[in-house]
Amino acid sequence: MGSNQTWIAEVTLLGFQLDPTLDYFLFVIFSVLYTLTLLGNGVILGIISMAPRLHNPMYFFLSHLAILDISYASNNVPKMLANLVTQKKTISFIPCIMQTFLYLAFAATECLILVAMSYDRYVAICHPLHYTVIMSWRVCAALAAGSWGFSLLLDMVHLVLILRLPFCGPHQINHFFCEILSVLKLACADTTLNKVVIFATCVFILVGPLCLVLVSYTRILAAILRMQSGQGRRKAFSTCSSHLCVVGLFFGSAIVMYMAPKSQHPEEQQKILSLFYSLFNPMLNPLIYSLRNTEIKGALRRTLWKGRHV
């Protein structure tokens, strides 16, 4: 193929394709949600860093989850907001590919961090006497670093497979950001290998971790039901239910998006589900943890009380 067939200078993000009068309304709504996402996760990070009681493995992983949520939203939402209020809705091809890569990397990392969090709860509830030995800071750091490193290496495979393709148009992506399945539609070559690798990655990084989480929580539930203390049972349920809500939102939308049969309007389905990843999930996660976690609420009250008396 000629050089003009192998490279695209820029592409147009079609976005939601609604009535133009609704664009400014969506801009206001999404701006508020994005601000709440940054504030909520920022507050979680601030509380964890300032409260010595929260310097333990559970909140160490929660801080990584908050960083991932901020990164998710900041990777996709600012460009989406800009496109809602500007006529030129283009993005250069290289930033587009980087947006795809970072989106996949953050998604894979969050899957593994959620597994690490479920393992932490399993050890804390089922093996409390050995908790500090099993979940040492060295182990926690290794789990977090392994989650980030493995995800980046895994998504390098997708990046290489995308860049080997010739791109000759159309120069439009029917999405509000450069989602991988939408980017593949720009290629003028067979993308079967890419799609097979995407499906295999979903099985490995979604179904596999989800099974591990379910096994952990099956054992946790059995251990909770054996507890004699009602207060201990309530505290364990409160902590674990928060994590299960986050797991359900994240894995549920991901499996529907990449593994479920496509609807009659697959592009619109992808946009809606991508909003859950990019905006709603990152905004809801700190609310779920702060509203259902007594230690987070207690640390927040103590921080506010100290602030009033400074």
Side-chain angles (χ1 to χ4, degrees), residues 39-71 109-151 209 212-224 226-250 282 284-307:
L39 287 176
N41 287 285
V43 167
I44 292 289
L45 286 172
I47 291 173
I48 291 173
S49 64
M50 290 187 295
R53 294 186 184 183
L54 302 184
H55 293 174
N56 58 54
M58 175 182 173
Y59 296 102
F60 171 75
F61 291 121
L62 181 57
S63 66
H64 280 268
L65 186 64
I67 291 170
L68 283 166
D69 287 337
I70 292 173
S71 302
T109 305
E110 184 154 341
C111 288
L112 299 178
I113 289 294
L114 289 173
V115 173
M117 293 176 74
S118 69
Y119 177 68
D120 170 73
R121 291 300 85 204
Y122 163 74
V123 175
I125 294 173
C126 298
H127 303 284
L129 299 179
H130 301 94
Y131 179 72
T132 55
V133 176
I134 297 174
M135 296 302 296
S136 65
W137 283 112
R138 180 177 296 179
V139 171
C140 293
L143 287 173
S147 299
W148 284 92
F150 179 78
S151 300
L212 293 175
V213 171
L214 293 178
V215 169
S216 295
Y217 274 96
T218 300
R219 296 189 175 185
I220 288 171
L221 179 61
I224 290 175
R226 290 195 300 267
M227 288 181 178
Q228 301 297 322
S229 169
Q231 183 179 359
R233 191 182 297 116
R234 285 191 297 271
K235 182 178 180 181
F237 266 124
S238 175
T239 301
C240 295
S241 61
S242 301
H243 185 241
L244 278 176
C245 288
V246 173
V247 167
L249 287 170
F250 182 84
L284 290 174
N285 286 353
L287 290 176
I288 291 170
Y289 276 103
S290 61
L291 291 176
R292 298 189 62 86
N293 191 298
T294 55
E295 290 182 330
I296 289 285
K297 289 189 288 187
L300 179 59
R301 283 194 296 266
R302 287 189 295 271
T303 301
L304 294 176
W305 179 259
K306 289 180 181 178

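Judged by distance alone, the side chain of Asn285 and the main-chain N or O of Val246 form no donor-acceptor pair under 3.5 Å.
Here the CG-CG distance, from Leu284 to Asp69, works out to 9.5 Å after rounding to the nearest 0.5 Å. In this structure, OH on Tyr217 lies 8.5 Å from CD1 on Ile224, to the nearest 0.5 angstrom. One distance of note links CD1 of Ile125 with CZ of Arg226; it measures 11.5 Å at 0.5 Å rounding. Annotation: the span from Ser216 atom OG to Leu114 atom CG amounts to 12.0 Å, rounded to 0.5 Å. With values rounded to the nearest 0.5 angstrom, Glu110 atom CD is found 11.0 Å from Ser147 atom OG. Residue Met117 holds its CE atom at 10.5 Å from CG of Leu244, rounded to the nearest 0.5 Å.
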Q: Run the numbers on Ser118 and Val247 for side-chain contact (heavy atoms from CB on, under 4.5 Å), then give the verdict.
A: CA-CA 9 Å; Ser118 69; Val247 167; over 6 Å; no
Q: Could you walk me through whether Leu143 and Phe60 pass side-chain contact (heavy atoms from CB on, under 4.5 Å), step by step?
A: CA-CA 11 Å; Leu143 287 173; Phe60 171 75; over 6 Å; no
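Scanning all heavy atoms of the two residues, the minimum distance from Asn41 to Pro282 falls at ND2-O, 2.9 Å. A pairwise comparison of heavy atoms in Gly42 and Ile70 identifies N-CD1, 4.2 Å as the closest pair. Between Leu54 and Ile47, the shortest heavy-atom contact is CD1-CG2, 3.6 Å. Across all their heavy atoms, Pro57 and Met135 have their closest contact at CG-O, 3.5 Å. Residue Arg219 comes nearest to Cys126 through the heavy atom pair O-SG, 3.7 Å, listed as atom of the first residue, atom of the second, then distance.
For His55 and Tyr59, the gap between ring centers reaches or exceeds 6.0 Å.
Using a 4.5 Å heavy-atom threshold, the side chains of Leu45 and Ser49 count as separate. The side-chain heavy atoms of Phe61 and Val115, taken from C-beta on, include no pair separated by under 4.5 Å.
Ring geometry, His127 versus Tyr122: the interplanar angle exceeds 60°, so the pair is classed perpendicular (tilted spans 30 to 60°).
Counting only residues at least two apart or on different chains, the side-chain hydrogen bond (donor to acceptor under 3.5 Å, both in side chains) pairs with a member in residues 128-144 are Asp120-Tyr131.
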